[in-house]
Amino acid sequence: MIPLSWYLIVAAGLFSIGLFGVLARKNAIAIFMGIELMLNAVMINLLAFWRYHNPGQITGPVFVVIVFAAAAGEIAVGLAIVISAYRRNATVVADEINELKG
Amino acid sequence: MTWMQIVFIVTAAVTLGSAVRVVSSGKMLHAALWLVAALFGVAILFAMLEAGFFAVVQVLVYIGAIAILVIFAVMLTRHVMEDTGPQVIQSWWLAAILAAMVFAGLVVLIISAGFKAQLPPIQDSQTMIVALGQALVMPDGYLLPFEVASVMLLAALVGSIYIAYQKR
Amino acid sequence: MTFISDPINFIATWLRIMLANVGASPDLTAFILSVVGGGILATGAMLWVTFLIWYERKIIGRIQDRLGPNRVGPWGIFQSFADMLKIFTKEYITPNGADRVLYNIAPVLSVASVLLIWAIIPFTVTSYGVDLNVGVLFVVAVAGLGELAIIMAGWSSNNKYALLGAFRVVAQLISYEVPMVLSLLVPVLLSGSMSLNAIVKAQNVWYIFTAPLAALIFMITSIAEVGRSPFDLVESESEIVGGFNIEYSGLKFGMFFVAEFLHAFTSALIFTVLFLGGWRGPGAEQYPILGFIYFSLKNVFSYFIFILVRGSLPRFRIDQMMDLNWKVLTPVSLGLFAVVTIVAKLVQGNPNELLRGLFLLIANGVILLTTSLVMGQFAARRRRHLDERAEGQKLRVRSQV
Amino acid sequence: MLNDWLYIGIFLAISAFLPAAAIVIAGFLAPKKPNTIKNQIYECGIETVGETWVQFKAQYYIFGLIFLIFDVETVFLYPWAVAFNQMTLYGVLEALLFVLILAGGLVYAWRKGALEWV
């Protein structure tokens, strides 16, 4: 029987690895992968608390479905921005895309 | 140490190991494929949490669509110079320390909270799916987030097509 | 429940009793039973492919008015065994610069992703791998794993054409998954459950009669999902040289074809379970062996349609294929979903099952009619446009002469 | 509920093991005589021209994008479809609104010409 804290520790580990990925990577697409890891950690937490505290209530799974939609929307628009930035000044490195002119 | 706990430890090790590889691997496509391995590990965790629907949806949406979208984006922004340069910024150790502190803080919080360990009984997941379906549509349930999610998806679709589409 | 009427379940209970006598704990017996059952099911599926290859080559031969394999054994039965032996002894040539790990995982993953679907197919009322209550979504999710295997194969063989071929095929598979998932909503909606077993049990009136358009869209998209004849950009000669499996040789190359044949047969299985009522038939509840016979007869019929389509239709160009999907199949499946939900809800009141099915049939007929009218009108307009352009060119040529 | 997924896990292990075992067995049976010419990349007989990492069109990304959005839409619709029998007409119309809003996205992509395979 797996105690609830194990799930939360795995989710915290996944979250901090994703955080490191977002902070330390140069390539914009690698930053998006880090964000995906953090979103997965959130989903593990939601479902772990739903399962261990009140499986009768449906709020946990509804939140997870909304997180799926948010993650999909975010990565779709994010990668589109990265691709069009790459097309204009031929670089995907995050800190070289810094001019905001039109 | 029942066999369930052994399976959990193995899945957690696989997930966290491939997550570390996602963050630290040089070639972008290898990072994307390690991301798929990490997402598959998370899908197994969902199955162990008896939320079978979300394990399948995770494989369908994340591995079937988002991972392939990331691989397409990696392919579209192929740039030979990218692969040879250092993949990590100079002060990456600062980010590593910050992430480690976040992790340590969370673990201390989790252990001190002392969650009760017994597992409440659960009805079979068929009623969970039916309850989820009804909750998404009931006015007193989650009708508004359901419709707002569709408007958000429409905005994401139209916006990213407008940005990514390149008139030949 | 004698041996005759239900062999698989009979053996399973006998094995369980024998294991209990030996004193294995219930957990251990469940584990051993699932390992043995799964092993038999998986090896059975893999060996079944050899029959499929022979069956298909014979029928394609007959379609093209030739005999098909008949040298090795009577009617060429052992032809696919001979092919298997030959391909077992072919040398593995790995291109230099290939990404060795991914290069070897790709064929294994592509076969595994198809074999997984066999775990949830209900063969008879009692014997099925497992009654997963998210069965339909599981089938579509596993198809996603197959696309990943194709990307791995294309990327890891370090060949420009393999990479391009792999991504063209994945673009095709991805766009054909949209109408497939939307048309799969209709059986789930009518039966009120996602588990394949419950869908079969709910099919007093086969869903091909109540929702023929959903069956048609599912058939077209599963042919495209497998990459078979009208949609076969995978290894068609006129396209990019040999597609993604160009750098594979020996049994790795063979594994991609085992995966393709098995995927074609599995799509026929899913079509039978969802639309032709699986093992439903007179007496299938009491005598599961009868159910298995009905199930295999319907399978032979639906797999025959796959082969017939493969043998008789010319190949699509890639832009025609994409237009067919995005401009015809996806709008039609969205319209079908809208109409079927409204009609099913309005008609849900009356108890008579046949009447409900009739109304749904009429709704599907109306959509089929409107789509064919719209497409006919669109095609006429396009033909007029092309004629005018041809007319214009002729005038210009005559004026220059 | 849990032993369902255990069975799927065992079946995944078996169905990954079978082709791998076949490939390994064939590896022993097959001859091994690699030479440099044989291991070269197949390029219809001519030398590899230019870089292998070839550029791609934005078309692939747009198809993947529309697939992702419609995939997430079906994730919302499947629980609703399972709960269809206990649903009132009001619930059906809401799901219809959900689908129509996203069909608007498809119409936009069609009018903008993003669906053309250039």
Side-chain angles (χ1 to χ4, degrees), chain C residues 30 34-35 38-39 42-43 46 88-96 107-108 111-112 115-116 119 129-132 137 158-160 163-164 167 171 174-175 177-178 181-182 185 188-189 192-194 241 246-247 250-252 255 318-319 322 326-327 330-331 334 337-338 341-342 344-345 348, chain D residues 3-4 6-8 10-12 14-16 18-20 22-23 25-27 29-34 36 38-44 48 50 52-54 56 59-60 63-64 66-67 70-71 74 77-78 81-85 87 89 92 95-96 99-100 103 106 109-110 115-118:
Chain C
S34 43
V35 168
T43 32
M46 291 284 277
F88 257 78
T89 55
K90 277 279 174 47
E91 185 193 1
Y92 285 142
I93 300 169
T94 347
N96 41 29
V108 172
V111 172
L115 265 182
L116 261 179
V130 66
D131 178 16
L132 212 53
L137 268 182
N158 195 10
N159 178 335
K160 184 165 27 181
L163 195 60
L164 265 176
F167 276 94
I174 270 190
S175 32
E177 224 175 291
V178 171
V181 174
L182 282 171
L185 267 172
V188 170
L189 198 114
S193 149
M194 279 197 269
V241 57
I246 181 65
E247 288 294 344
L251 191 61
K252 292 176 195 157
M255 273 305 153
I318 185 152
D319 57 337
M322 291 302 176
W326 290 113
K327 296 184 175 146
T330 313
L334 283 173
F337 172 77
T341 41
I342 293 179
K345 184 44 74 179
Q348 199 177 13
Chain D
N3 42 32
D4 289 0
L6 184 67
Y7 183 86
I8 296 284
I10 292 169
F11 203 86
L12 177 65
I14 292 170
S15 56
L18 279 179
I23 287 176
I25 292 167
L29 297 177
K32 286 188 196 47
K33 286 191 280 299
T36 50
K38 218 189 276 188
N39 284 352
Q40 268 164 1
I41 300 163
Y42 177 70
E43 196 75 22
C44 318
T48 314
T52 303
W53 316 125
V54 74
F56 275 78
Q59 201 56 53
Y60 293 102
F63 282 155
I66 301 176
F67 167 59
F70 275 95
D71 217 10
T74 41
L77 283 181
Y78 265 93
V82 169
F84 181 75
N85 296 338
M87 195 73 65
L89 187 62
V92 167
L96 225 55
V99 166
L100 285 182
L106 186 71
W110 193 338
L115 295 181
E116 303 302 329
W117 179 273
V118 168

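Each chain gets a letter, A, B and so on, in the order its sequence line appears, and its residues count up from 1. Please read all numbers here as calculations on a predicted model, not as lab measurements.
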- request: Under 4.5 Å, counting heavy-atom pairs only, tell me which of Val130(C), Thr94(C), Asp131(C) racks up the most with chain D.
  value: Val130(C)
field: Listed partners of Lys90(C) passing side-chain contact (heavy atoms from CB on, under 4.5 Å), at least two apart
entry: Lys86(C)
- line: When the 4.5 angstrom heavy-atom criterion is applied to Met194(C) and chain D, the contacting part is both
- request: Just give me the residue among Leu116(C), Leu182(C), Val111(C) that pairs up with chain D most often, heavy atom to heavy atom, under 4.5 Å.
  value: Leu116(C)
message: Is it the case that the side chain of Lys345(C) and the backbone of Met87(D) share a donor-acceptor pair, with hydrogens and angles ignored and the cut-off at 3.5 Å?
response: yes
message: What I'd like to find out is whether the side chain of Val181(C) reaches to under 4.5 Å of the side chain of Phe70(D), using heavy atoms alone.
response: no
message: Can you confirm whether Lys252(C) sits close enough to Ile23(D) that some side-chain heavy atom of one is under 4.5 Å from a side-chain heavy atom of the other?
response: yes
message: So which residue, Gly250(C), Ala119(C), Ser175(C), ends up with the most heavy-atom pairs under 4.5 Å with chain D?
response: Ala119(C)
task: Give the minimum heavy-atom separation between Ala112(C) and Ser15(D), together with the two atoms involved.
output: CB-O, 3.6 Å
- line: In terms of heavy-atom pairs under 4.5 Å with chain C, the winner among Leu29(D), Leu100(D), Thr74(D), Asn85(D) is Asn85(D)
Nearest non-hydrogen partners of Ala26(D) and Tyr92(C), listed with the distance: CB-OH, 3.3 Å
message: Counting heavy-atom pairs under 4.5 Å with chain C, which one of Asp71(D), Leu12(D), Ile8(D) comes out on top?
response: Ile8(D)
- line: CD1 of Ile14(D) to OG1 of Thr43(C), rounded to nearest 0.5 Å, is 8.0 Å
message: Using the rule side chain to side chain contact (heavy atoms under 4.5 Å, CB included), only one of Leu89(D), Val92(D), Val99(D) pairs with Thr341(C); which is it?
response: Val92(D)
message: Just so I know, are the side chains of Asp319(C) and Glu116(D) near enough to count as touching, which here means a heavy-atom distance under 4.5 Å?
response: no
- line: Heavy atoms of Val178(C) and Phe67(D) approach each other most closely as CG2-CD1, 3.7 Å
query: Hey, are the side chains of Leu334(C) and Leu106(D) touching, using non-hydrogen atoms and a 4.5 Å cut-off?
result: yes
- request: Measure Gln348(C) against the heavy atoms of chain D and call it side chain, backbone, both or neither at under 4.5 Å.
  value: side chain
task: Over all heavy atoms of both residues, which pair between Leu96(D) and Ala338(C) is shortest? Give the atoms and the distance, please.
output: CD1-CA, 3.5 Å
query: Atom CG in Leu164(C), atom OH in Tyr60(D): separation rounded to 0.5 Å?
result: 5.5 Å
statement: Applying a strict 4.5 Å limit to non-hydrogen atoms, the region of Leu115(D) in contact with chain C is both
query: chain D: which of Ile342(C), Leu137(C), Leu251(C), Leu185(C) shares the most heavy-atom pairs with it under 4.5 Å?
result: Leu185(C)
message: For the CH2 atom of Trp110(D) and the NZ atom of Lys327(C), what is their distance to the nearest 0.5 Å?
response: 6.5 Å
query: Any idea which heavy atoms bring Ala22(D) and Phe88(C) closest together, and the distance?
result: O-CE2, 3.9 Å
- request: Just give me the residue among Pro19(D), Ala16(D), Ala81(D) that pairs up with chain C most often, heavy atom to heavy atom, under 4.5 Å.
  value: Pro19(D)
- request: Compare all side-chain heavy atoms of Leu77(D) with those of Phe337(C) and state whether any distance is below 4.5 angstrom.
  value: yes
task: Assign the ring pair Phe63(D) / Trp326(C) to parallel, tilted or perpendicular, where the plane angle (0 to 90°) is split at 30° and 60°.
output: parallel
message: Looking at Tyr78(D) and Val188(C), would you say the former's side chain and the latter's main chain have a donor-acceptor pair under 3.5 Å?
response: no
- line: On a heavy-atom basis, the closest approach of Ile174(C) and Gly64(D) is CG2-CA, 4.3 Å
